[in-house]
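Each chain gets a letter, A, B and so on, in the order its sequence line appears, and its residues count up from 1.
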2 protein chains.
Amino acid sequence: MPSDQTRTAILAAAERLYADRGFGDVTLRDIVAEANVNLAAVNYHFGSKDELIAELFVTRSLALNKERLRELREAEEAGNGRADISEVLRALVGPTLRGCLGPENQRSTPARFMIRVSIESVPAIRRIRNREIDHLRKFIAAMRRSLPDRSDVELYWGLHFALAMAQQTVRDSERLAKLSEGKCDVDDVEDVIDRVVSVAVMALARTAGEPKLAAAAGPRHR
Amino acid sequence: MPSDQTRTAILAAAERLYADRGFGDVTLRDIVAEANVNLAAVNYHFGSKDELIAELFVTRSLALNKERLRELREAEEAGNGRADISEVLRALVGPTLRGCLGPENQRSTPARFMIRVSIESVPAIRRIRNREIDHLRKFIAAMRRSLPDRSDVELYWGLHFALAMAQQTVRDSERLAKLSEGKCDVDDVEDVIDRVVSVAVMALARTAGEPKLAAAAGPRHR
DNA sequence: GATAGTTTCATACAAACGTTTGAAATGCAA
DNA sequence: TTGCATTTCAAACGTTTGTATGAAACTATC
């Protein structure tokens with residue numbers, strides 16, 4: 001029976017340091033110092049530094065995906081198998097935003113870690129990211145149930161834009177706050193979620209047969 | 001009169017390598033080998049590796065911003081000082097998307113470099129990014145001229161979401177293509193621009209006095 | 001064509017990094 | 001206690017990194 005004590009100490013210390021200082025600035029020596037373990041412990045327990053990062057990311061991703069699916073299932077059960085599209089999208093972007101936004105001093109370590117992930121994107125993590133697609137397909141399926149007359153292409157774009165707005169808000173919340181001189185309150189998480197969801201819903205609400213997008217009525221350059 | 005020959009050779013080689021392999025994998029030695037110059041040349045001409053990266057990024061950013069403002073001015077002049085909101089947003093996201101999307105084998109080196117910038121985000125670049133705010137304010141001003149009855153908060157969010165969709169499409173075009181199994185054609189740049197602009201316009205088109213967003217009509221969790 | 005300033009070059013430096021090693025320590029079963 | 005497997009530890013290894021040095025080569029001016 002492995003003791004796991006050192007393992008978990010390393011994981012906790014690494015997550016804390018990565019969350020605080022980013023991936024580029026944290027060395028193995030920083031981590032083992034923070035965890036009060038020997039330098040060789042990381043390679044002994046995880047194999048390599050990259051595998052340690054990967055384990056951290058996978059753990060947090062699984063938790064995020066699980067929460068998303070939980071909220072999706074809850075919404076669909078309440079609607080007897082078909083949730084309103086806004087509920088589907090809310091289940092998609094809500095957990096991310098709730099986890100990563102909000103008053104800075106109240107953010108948990110996992111939340112700050114995931115913010116780092118979305119900002120810095122190291123190779124070890126980027127490789128894993130591709131597995132996310134299967135997870136997103138479940139939301140495409142739910143969106144299809146919610147909007148059966150929308151074409152798949154529109155659903156894909158809608159999901160893509162919803163994620164884009166959520167992700168970029170996490171990543172650039174500071175710039176938005178600075179640009180708006182504080183007038184955009186990114187700490188009001190539920191308001192942000194409402195905004196993202198409502199815009200995404202509008203993106204999906206275009207009538208299917210419409211020739212082109214409203215904005216395309218203007219002249220197109222080139 | 002400095003010859004500048006070595007300088008430009010380094011810049012070109014560095015941009016090519018960064019575009020191809022990313023910031024993390026390219027060393028000074030790779031760059032000088034590609035440029036056929038001596039190792040010390042980078043520090044002699046640029047001071048440090050970070051300053052080389054910064055110069056590359058600043059050059060490309062200025063070109064992008066210039067093109068954005070050119071398109072904005074063109075649109076406003078055509079409308080006697082007030083451009084349609086879709087034209088303003090098109091000037092904002094068009095240059096980015098036109099520069100970074102399109103068939104992969106047709107992408108220029110600067111385009112691929114800017115894609116790397118948006119994906120990897122090294123500290124040397126992140127520090128410079130903050131100066132972008134002044135540039136964005138010019139677009140806020142144009143949006144205000146176009147939609148004088150919208151509150152500033154709404155304009156900020158609209159600009160933020162427009163940039164978010166454009167940026168994330170550049171960054172994650174591969175995932176969208178894979179998720180949609182090619183059904184979303186990210187190589188049709190003008191179509192992508194139309195989509196981003198039209199969604200952003202809808203986000204801004206909500207009547208000002210409306211109590212809350214449509215999506216918020218549903219139950220709010222927590 | 002000597003001189004001063006600029007640019008190139010080979011080489012070295014010093015630091016930092018992730019990883020490895022082999023012995024010591026510890027835990028556990030017989 | 002003996003024996004075996006797991007875990008810890010200090011130390012070192014071998015690269016790789018960006019940068020610095022100082023002499024050589026080049027360029028242009030007088």
Under 3.5 Å donor-acceptor pairs involving side-chain atoms of residues 32-40 of chain B, not counting sequence neighbours:
from: B/E34; atom 1: OE2; to: B/R16; atom 2: NH1; distance (Å): 2.6
from: B/N38; atom 1: OD1; to: B/A40; atom 2: N; distance (Å): 2.9

Open item on the list: Output the rounded distance in Å from CD1 (A/I31) to C1' (C/dC17).
Closed with: 12 Å

- [ ] Nearest whole angstrom, please: distance from the P of D/dT7 to the CZ of A/F46.
- [x] 12 Å

- [ ] Using a 4.0 Å cut-off on protein heavy atoms (strictly under), produce a 5'-to-3' string for nucleotides 18-27 of chain C with B for base contact, S for backbone-only sugar-phosphate contact, and - for none.
- [x] BBBB------

Would you be so kind as to tabulate the donor-acceptor pairs closer than 3.5 Å made by side chains of residues 161-170 of chain B, with sequence neighbours excluded?
from: B/T169; atom 1: OG1; to: A/H160; atom 2: NE2; distance (Å): 2.9
from: B/T169; atom 1: OG1; to: B/M165; atom 2: O; distance (Å): 2.5

Open item on the list: Does the plane of the ring in B/F113 sit parallel, tilted or perpendicular to the ring in B/F23? Use 30° and 60° as the thresholds.
Closed with: perpendicular

Open item on the list: How many whole angstroms separate atom CD of B/Q5 from atom C1' of C/dT8?
Closed with: 12 Å

Open item on the list: Please report the interatomic distance CG(A/L159) to CG(A/D152), rounded to the nearest 0.5 Å.
Closed with: 11.5 Å

TODO: Using a strict 4.0 Å threshold on nitrogen-to-oxygen distance, state whether B/R73 and B/E76 make a salt bridge.
DONE: no

TODO: Taking only the side-chain nitrogens and oxygens of B/H45, find out if one of them lies under 4.0 Å from OP1 or OP2 of C/dT8.
DONE: yes

Open item on the list: What is the distance, to the nearest angstrom, from the CD atom on B/E51 to the P atom on D/dG18?
Closed with: 14 Å

Task: For atom OH of B/Y44 and atom C1' of D/dA23, their distance in whole Å - done: 15 Å

Task: Gap between atoms CZ and C1', on A/R7 and D/dT8 respectively (whole Å) - done: 16 Å

Open item on the list: Salt bridge or not between B/E132 and A/K178? Use side-chain N to carboxylate O under 4.0 Å.
Closed with: no

